[in-house]
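Down below is the structure, laid out as structure tokens.
What you see is a predicted model, and the numbers here were worked out from it, not measured in a lab.
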Amino acid sequence: DSGVTQTPKHLITATGQRVTLRCSPRSGDLSVYWYQQSLDQGLQFLIQYYNGEERAKGNILERFSAQQFPDLHSELNLSSLELGDSALYFCASSVASTMWGGATDTQYFGPGTRLTVL
Amino acid sequence: DAKTTQPPSMDCAEGRAANLPCNHSTISGNEYVYWYRQIHSQGPQYIIHGLKNNETNEMASLIITEDRKSSTLILPHATLRDTAVYYCIVRVARTSGSRLTFGEGTQLTVNP
């Protein structure tokens, strides 16, 4: 158990719909990351939040958005869903140490949410 | 972040050591080597990381060559539960964090 929790575990929805995925980071971790894993794309970084602010963006579609709340949990919102959005969505968290080199910036992953768009 | 090269697949007998190689010939001086694994659609699991010294923890050992251009992850006594995709990732560890860039990884199959 990594200490990162994600809900729901499974989500089945239809094209055109909107869903929200939730992530609770490990206690004390300030950074939250979202990754997408589809069969043909592998694990892809989507977006990172650090202490409530967006820090970095990867290959995230404009239909997708995220936020990190004051209690540090994060939500990933996916809208106008398409068949190709079916994937595993993982959240990870890290403490993001301010020590030189950030050697303790190890990301720990949650169990993921499996999204199926029909 | 530096690019890594790993063999697509490897086999290992149960109880034997599994040695997973990774090439990262363009690694920079401030980049760490991280290893993660993913067991069949579960969330990636952190294994170990290092900068230039060899590292060992309860899961594995990491051997980094002196020139830092390659490394080897060693699972000393592989079990069937170690069957997974292993990812070698090279990245700068920044304050406020930084993304992980996953490649194809190595599918390790531990056979009875």
Side-chain angles (χ1 to χ4, degrees), chain A residues 1-6 9-10 23 25-26 29-39 41-60 87-114, chain B residues 1-6 8-9 27-55 57-60 62 64 68 73 81 84-107:
Chain A
D1 184 2
S2 67
V4 179
T5 60
Q6 291 187 247
K9 287 187 178 180
H10 302 277
C23 168
R26 297 187 318 153
D29 284 0
L30 299 178
S31 264
V32 169
Y33 309 77
W34 287 96
Y35 294 84
Q36 178 193 54
Q37 185 174 32
S38 55
L39 281 175
Q41 291 290 328
L43 271 159
Q44 301 273 323
F45 167 74
L46 293 178
I47 196 165
Q48 177 204 355
Y49 277 80
Y50 174 72
N51 203 19
E53 295 188 1
E54 183 184 300
R55 178 65 62 170
K57 266 187 174 180
N59 299 323
I60 187 167
L88 281 164
Y89 291 84
F90 293 105
C91 166
S93 73
S94 73
V95 68
S97 168
T98 56
M99 292 172 59
W100 181 84
T104 58
D105 180 35
T106 296
Q107 292 182 31
Y108 295 90
F109 283 77
T113 293
R114 181 178 293 277
Chain B
D1 294 337
K3 180 178 170 57
T4 63
T5 304
Q6 299 178 252
S9 64
I27 191 170
S28 300
N30 62 347
E31 289 181 309
Y32 288 77
V33 180
Y34 282 78
W35 284 84
Y36 282 79
R37 72 180 182 184
Q38 187 176 27
I39 299 172
H40 188 57
S41 298
Q42 296 179 20
Q45 180 186 21
Y46 166 76
I47 301 173
I48 198 167
H49 75 279
L51 183 61
K52 51 186 176 182
N53 298 321
N54 297 338
E55 302 288 344
N57 62 20
E58 66 278 3
M59 288 184 68
L62 174 61
I64 302 175
R68 302 186 70 239
L73 178 73
R81 290 178 297 178
V85 178
Y86 286 76
Y87 297 98
C88 169
I89 300 168
V90 173
R91 66 189 275 259
V92 174
R94 298 187 176 89
T95 57
S96 80
S98 62
R99 71 184 72 182
L100 293 170
T101 302
F102 289 85
E104 298 297 319
T106 295
Q107 171 66 59

Ring geometry between B:His49 and B:Tyr34 (parallel below 30°, tilted from 30 to 60°, perpendicular above 60°):
parallel
Structural part of B:Gln45 lying under 4.5 Å from a heavy atom of chain A:
neither
Any luck finding a side-chain donor-acceptor pair between A:Ser94 and A:Tyr33 under 3.5 Å?
yes
Closest heavy-atom contact between B:Tyr36 and B:Ile47?
C-CD1, 3.8 Å
Measuring heavy-atom distances to chain B, does A:Gln37 have an atom under 4.5 Å in its side chain, in its backbone, in both, or in neither?
side chain
Take atom CD in A:Glu54; do more than 12 heavy atoms of anything else shown fall under 6.0 Å from it?
yes
Report which part of A:Leu88 has an atom under 4.5 Å of a heavy atom belonging to chain B: side chain, backbone, both, or neither.
side chain
Chain B heavy atoms under 4.5 Å from A:Lys9: which part of the residue, side chain, backbone, both or neither?
neither
